[in-house]
Amino acid sequence: MRLDKYLADACIGSRSQVKQLIKKGLVRVNGNRASDPSMAVNDHDTVECNGSPVMYRDHFYFMLNKPEGLITATEDGTQKTVLDLFPDNIRRKLFPVGRLDKDTVGLLLITDDGAFCHELMAPSHHVDKRYLLHTDKPMDEEDVKAFGEGLVLSDGTAFKSALLEIDAEDLCKAVITISEGKYHQIKRMLLARGKEVIYLKRLSVGSLKLDESLKEGEYRELHEDELRNLHKK
Ligand code: URA
């Protein structure tokens, strides 16, 4: 592959920006200063930019600790999206895996790998998602039972069995595990039991847990083992 494409794919900059970096002599291939943006490189070559190694990746996989107030979309004419947290040279390729409501916080996967997204989101895949939730009224064993049996709303919407674990110290707090991702699912489930969700945070998706060292609005790339384990499911 051409050196300028290699650098652009690694999100060092746009094609024209990386050409400038090469022109300025800031790019080295196998220790030698590169001058030709069209020179051929492959993933066995050592490429450095500004003295830092450039890792070639086929795809990007980020975990974001989503903050409140951003919508889960790639673009929106009026509202800020989760992709606004990413630098311009990377964000143009990326999209979120699934959806969290504007006021929901916590784990959101962001990638440019369509097949991976499809695999994780396929209803047949049954990936468990865990959320921490707070409600306006205390929850009880009847709620646990109703969710365990699978709830059917008055409009006929049926939700699969979900595990509700109420905090013994504070009955307005619980962790819920669901295996689907229907629109406003958790809020609608609780509402059907007469309770309003006032805080919702996604803790995990399948084997992937939110890295609690990430502050809201921060993201990091997935580690190799995290990605491997997600693919295994
Ligand atoms: N369920 C909801 O109600 N909202 C979310 O953001 C995710 C699950």
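Each ligand, and each atom within it, is numbered from 1 in the order the structure gives.
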With heavy atoms only and a cut-off of under 4.0 Å, state how Leu200 meets ligand 1: side chain, backbone, both or neither.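 The part of Leu200 near ligand 1 is the side chain, not the backbone.
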Residue of the set Glu68, Lys187, Lys201 for which side chain to side chain contact (heavy atoms under 4.5 Å, CB included) holds with Thr104: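 So, applying the side chain to side chain contact (heavy atoms under 4.5 Å, CB included) to Thr104 and each of Glu68, Lys187, Lys201, only Lys187 qualifies.
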With Met139, the side chain to side chain contact (heavy atoms under 4.5 Å, CB included) member among Val144, Leu190, Asp170: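 Result: among Val144, Leu190, Asp170, Leu190 is the only option passing the side chain to side chain contact (heavy atoms under 4.5 Å, CB included) with Met139.
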I'd like to know whether CZ of Arg2 has more than 12 heavy-atom contacts from other residues, nucleotides or ligands below 6.0 angstrom.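 It does: Arg2 CZ has more than 12 such atoms within range.
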Identify, by atom number and element, the atoms of ligand 1 in contact range of Tyr131, meaning under 4.0 Å from any of its heavy atoms.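 Those of ligand 1 that fall under 4.0 Å from Tyr131 are 7 (C), 8 (C).
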Among all the protein's non-hydrogen atoms, which is closest to atom 4 (N) of ligand 1, and how far away is it?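 Result: Asp101 OD2, 2.7 Å.
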Just to confirm my output: which protein heavy-atom neighbour is closest to atom 1 (N) of ligand 1, and how far is it?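 The closest one turns out to be Ile186 N, 3.1 Å.
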CG-CD distance between Leu151 and Gln185, expressed to the nearest 0.5 angstrom: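 Going from the CG atom of Leu151 to the CD atom of Gln185 covers 9.5 Å.
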Check this for me: does any side-chain nitrogen of one of Lys145 and Glu141 sit under 4.0 Å from a carboxylate oxygen of the other?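 Answer for the salt bridge query: no.
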Is there a nitrogen or oxygen of Arg188 sitting under 3.5 Å from a nitrogen or oxygen of ligand 1?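 No; every N/O pair is 3.5 Å or more apart.
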Does ligand 1 come near enough to Thr104 that some N or O of the ligand is less than 3.5 Å from an N or O of the residue?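 Right, the criterion is met.
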Looking only at side-chain N and O atoms, does Thr157 offer a donor or acceptor that is under 3.5 Å from a partner on Asp155?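 A pair is found: one side chain offers a donor N or O, the other an acceptor, under 3.5 Å apart.
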Tell me whether Tyr183 reaches ligand 1 (any heavy atom closer than 4.0 angstrom to a ligand atom).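 No, that is not the case, since the closest heavy atom of the residue is not under 4.0 Å from the ligand.
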